[in-house]
Amino acid sequence: MEEKSLSTADVNILMDVDFLVSVIVAIGEVANITGVPQRKIRYWDEKGIIEPVDKTSTYRQYDYLNIKKIVLIQELLDEGYTLDVSAKKVNERCIKVAEVFERLKASKS
DNA sequence: ATTCTTACA
DNA sequence: TGTAAGGA
């Protein structure tokens with residue numbers, strides 16, 4: 001393996017990924033940054049639409065993907081879709097992207 | 001201080 | 001959905 005020096009842009013990307021992966025926040029902060037009310041986030045949890053990470057915890061904890069889905073679902077709701085349809089669309093899209101990277105991972109093996 | 005559930009308007 | 005009560 002040869003050592004390659006990282007460009008400033010590379011470092012910025014690495015910091016962003018490192019940060020996003022480390023993101024674990026409580027419902028209050030999620031509500032603040034997304035603008036989606038805590039009440040609604042808890043409701044989506046009841047309906048099984050948004051599953052917080054770490055079920056053993058007393059409090060709901062959200063990661064990057066949770067937050068991303070919350071933002072996307074709210075966006076579709078604003079566009080007029082029903083909650084169920086919005087949730088399904090977001091999930092399908094996330095799965096689709098995940099499959100793409102799964103293929104990439106496989107090709108790298 | 002923050003989150004949680006339950007319940008009512 | 002917003003808000004309040006009452007406990008953790």
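In what follows, every chain begins at residue 1, and chains take the letters A, B, ... in the order their sequences are listed.
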Boundaries of the DNA chain B segment in contact with chain A, non-hydrogen, under 4.0 Å:
B/dT2 to B/dA7
Could you walk me through whether A/K105 and A/E102 pass the salt bridge (charged side-chain N to carboxylate O under 4.0 Å, His left out) check?
CA-CA 5 Å; A/K105 187 196 294 181; A/E102 204 56 43; 3.6 Å; yes
Do [X] and [Y] belong to the same hydrophobic cluster, where Ile, Leu, Val, Met, Phe, Trp and Tyr are linked whenever their side-chain heavy atoms lie under 4.5 Å apart, directly or via other members?
X: A/V17; Y: A/V23; result: no
X: A/V71; Y: A/V53; result: no
X: A/Y59; Y: A/Y43; result: no

For DNA chain C, find the residues of residues 26-35 of chain A with a heavy-atom distance under 4.0 Å and give them by number; none if there aren't any.
none
Sub-4.0 Å heavy-atom contacts from residues 65-80 of chain A onto DNA chain C, ordered by number:
none
Measure across [X] and [Y] and return the closest heavy-atom pair with its distance rounded to 0.1 Å.
X: A/N66; Y: A/E51; value: ND2-O, 3.1 Å
X: A/Q38; Y: A/A31; value: CG-CB, 3.7 Å
X: A/V36; Y: A/I41; value: O-CD1, 3.6 Å

Ion pair check, A/K89 and A/E92, cut-off under 4.0 Å
no
Below 3.5 Å between N/O atoms, which protein atoms pair up with nucleotides 3-8 of chain C? Just atom names and distances, please.
from	atom 1	to	atom 2	distance (Å)
C/dT3	O4	A/R39	NE	3.2

Does atom NZ of A/K40 have more than 12 heavy-atom neighbours from other groups under 6.0 Å away?
yes
Please tell me if the side chains of [X] and [Y] come closer than 4.5 Å, counting only heavy atoms from C-beta onward.
X: A/D45; Y: A/R60; value: yes
X: A/L72; Y: A/E75; value: yes
X: A/V25; Y: A/I67; value: yes
X: A/L83; Y: A/I73; value: yes

Would you please name every residue forming a salt bridge (Lys or Arg N to Asp or Glu O under 4.0 Å) with A/K47, sequence neighbours left out?
A/D84
Under 3.5 Å donor-acceptor, A/D63 side chain and A/V21 backbone:
no
The dot-bracket string of DNA chain C, counting Watson-Crick and G-U wobble pairs with both distances under 3.5 Å, using [ ] for crossing pairs and | for pairs to another strand, is .|||||.|
